Colleague: 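The structure follows.
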Amino acid sequence: MTDQSKDRVYIFDTTLRDGEQSPGATMTHDEKLEIAELLEDMGVDIIEAGFPIASEGDFKAVKDIAERSKETVICGLARAQLPDIDRCWEAVKHAPRPRIHTFIGTSPLHRAIPNLTMDEMADRIHETVTHARNLCDNVQWSPMDATRTEWDYLCRVVEIAIKAGATTINIPDTVGYTAPRESASLIKRLIETVPGADEVIFATHCHNDLGMATANALAAVEGGARQIECTINGLGERAGNTALEEVVMALKTRGDIMPFYTEIDTRKIMHISRRVSTVSGFPVQFNKAIVGKNAFAHESGIHQDGMLKNAETFEIMRPEDVGIAGTSLPLGKHSGRAALRAKLKDLGVDVGDNQLKDIFVRFKDLADRKKEVFDDDILALVTAHMADEQENHLEIVSLKVICGTAGQAEAVLEMEVGGAEMSADEFGDGPVDATFKAVRKLYPNKARLQLYQVNAVTEGTDAQATVSVRLEEDGKIATGQSADTDTVVASARAYVNALNRLHVRRGKTGGDVKEISYKDVS
């Protein structure tokens, strides 16, 4: 290796091979070609495009990816069998830079499967790696389950593979069993012990069964490995693999303790992460490092206040570096006034301190009932505040509604009318009808309902409902609007808001009136 290559960490992506082996993650031919193109565009050094002998579809996908590639090394996987290796070569040989990756399980557990002695397996490795090298000058060899293989035997077979012509030696932690200290030590000892080890590149392939794949991969680099096998989103067998986005950003962010570099264009990470999630059908967990929905989101009031003053207080990298437009400050029950004011400003709403205080109280009440408060929820709260900001003749104190399949709905309403607290108990054809009748009983009026409209502000069963009411009285039109996670409560408030506006226009407290026309809404 050249001096420069000693500091370069090559990224070997196996999303299309190991990633696709995740149960249920099968991709179509066109999807594989699309992902391969995105990986190459991002700057991945080696793409393991598939397992050519596994099926005709896999063979064709690897072949088409190889033919379309420009500079990226295109690799195919092959067992330690001559037909596998021949089939792999047929698939990758048209790539500008082809690679054959052949492997065999070397641990006692894996040697027992084909029932091979240590010597018989050693002979198999020599034969198959030699055959692969005669076809292709770029050969990678892997002793599957290397971390559970006897030390002396592992050194022996690695030496055999190097002498047979392998240019990359990959040391897989196939079952995610090792720990970072062991991972680093294993690579370091192999490089120091095996003859010819300094002439090849050592690679690491870590699974995440104990949640240490990324840590083990980075430790292996510290030990001397210069190729990391990984997948987008950590997709892969069982608990998955080392996640490409994690190791790349760790290398970029912690150059102070890991003075190695990669040429991945990190600004494209988020796009390919989301695309792989879509085509594989595997959603990315919200708290997934780098690419999770919450990776650059801050809900806590303390965190939000710090972020608004200096983003570096709670973020070690810029969201723009991975292709995200910016930091997200989702509002929830832990958010503070500073975050709410910032959100309102982003939404183009300028409020004074007293207005903010009232809106914040409403926001906290809503946040206690919703998992997440969206922008539209905030705007609905502002609208409700503005509707209630005027001095109101009518104020709802409490509302209880009983409804269902057994009989008419019942509304028990307490309301202040001109400062006097009153109560009413009314029945109706549905909870809204009963509620509106209770309002009219406490505040008789001849207003006619022209419009009653309900819209969900956001998605989900906990979404706020925005209710709009339009009333007409003696040619005067008044509208009322309110939002709440309880549609009946929002309806009552919207109806009362409209009546308050009519009251202001009427310029009197009201009195006995004749029965009004009312369109039933249940």
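Position 1 is the first residue of the sequence; numbering continues from there. On a predicted model such as this, the values are computed, not experimentally measured, just so you know.
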Colleague: Above 12 or not: heavy atoms from other molecules or residues under 6.0 Å from CZ of Arg341?
Modeller: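 Buried by this count: over 12 neighbours within 6.0 Å.
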Colleague: With a 6.0 Å cut-off (strictly less than), is the heavy-atom count around CZ of Phe282, excluding the residue itself, greater than 12?
Modeller: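 Enclosed: over 12 neighbouring heavy atoms sit under 6.0 Å from CZ of Phe282.
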Colleague: Just checking, is any N or O donor in the side chain of Asp173 or Thr147 under 3.5 Å from an acceptor N or O on the other one?
Modeller: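 Checked: Asp173/Thr147 side chains pair up, N/O donor to acceptor below 3.5 Å.
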Colleague: Quick one: do Thr15 and Asp13 satisfy side chain to side chain donor-acceptor pair (under 3.5 Å)? Show the steps, please.
Modeller: CA-CA 6 Å; Thr15 302; Asp13 185 274; 2.8 Å; yes
Colleague: Given side chains that start at C-beta, do those of Gln453 and Val469 come closer than 4.5 Å, heavy atoms only?
Modeller: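 A side-chain contact under 4.5 Å is absent here.
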Colleague: Distance only, no hydrogens: is a donor on one side chain within 3.5 Å (strictly under) of an acceptor on the other, for Ser273 and Asn233?
Modeller: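 Ser273 vs Asn233: donor-acceptor pair found between side chains.
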Colleague: Are side-chain heavy atoms of Phe260 and Arg226 found at a separation under 4.5 Å?
Modeller: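 With C-beta onward as the side chain, the pair touches.
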Colleague: Just by modelled atom types, is the Val412 backbone N or O under 3.5 Å from a matching donor or acceptor in the Glu426 side chain?
Modeller: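 Judged by distance alone, no pair lies under 3.5 Å.
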Colleague: Closest approach of Thr466 and Ala483, non-hydrogen atoms and distance?
Modeller: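 For Thr466 and Ala483, the tightest heavy-atom pair comes out as OG1-CB, 3.8 Å.
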Colleague: Does Asp30 come within less than 4.0 Å of Lys32, counting only side-chain N to carboxylate O?
Modeller: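 Salt bridge between Asp30 and Lys32, a charged N being under 4.0 Å from a carboxylate O: no.
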Colleague: Would you find more than 12 non-hydrogen atoms of other residues, nucleotides or ligands less than 6.0 Å from Lys364 atom NZ?
Modeller: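 More than 12 within 6.0 Å, yes.
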Colleague: Ignoring hydrogens and angles, state whether a donor on the side chain of His207 or Asn241 is under 3.5 Å from an acceptor on the partner side chain.
Modeller: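 Result is yes, a qualifying pair exists.
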Colleague: Determine whether more than 12 heavy atoms belonging to other residues, nucleotides or ligands lie under 6.0 Å from atom CD of Glu237.
Modeller: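 Yes, CD of Glu237 has more than 12 neighbouring heavy atoms, counting only those of other groups under 6.0 Å.
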Colleague: Return yes if a side-chain donor-acceptor contact under 3.5 Å exists between Gln450 and Glu472, otherwise no.
Modeller: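 No, because no side-chain N or O of Gln450 sits under 3.5 Å from a partner of the opposite role on Glu472.
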Colleague: Please report the closest heavy-atom contact between Leu449 and Phe436, naming both atoms and the distance.
Modeller: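 Smallest heavy-atom distance, with atoms named: CD2-CE2, 4.4 Å.
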Colleague: Around atom CG of Asp353, are there more than 12 heavy atoms from other residues, nucleotides or ligands closer than 6.0 Å?
Modeller: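 No, because the 6.0 Å sphere around CG of Asp353 holds 12 heavy atoms or fewer from other groups.
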Colleague: I'd like to know if the side chain of Asp64 pairs up with that of His29 as donor and acceptor (distance under 3.5 Å, no hydrogens or angles considered).
Modeller: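 Checked: Asp64/His29 side chains pair up, N/O donor to acceptor below 3.5 Å.
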Colleague: When you measure from the side chain of Glu222 to the backbone of Ala219, do you find a donor-acceptor pair of N or O atoms at a distance under 3.5 Å?
Modeller: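 No, the answer is negative, given that no donor and acceptor are paired below the 3.5 Å cut-off.
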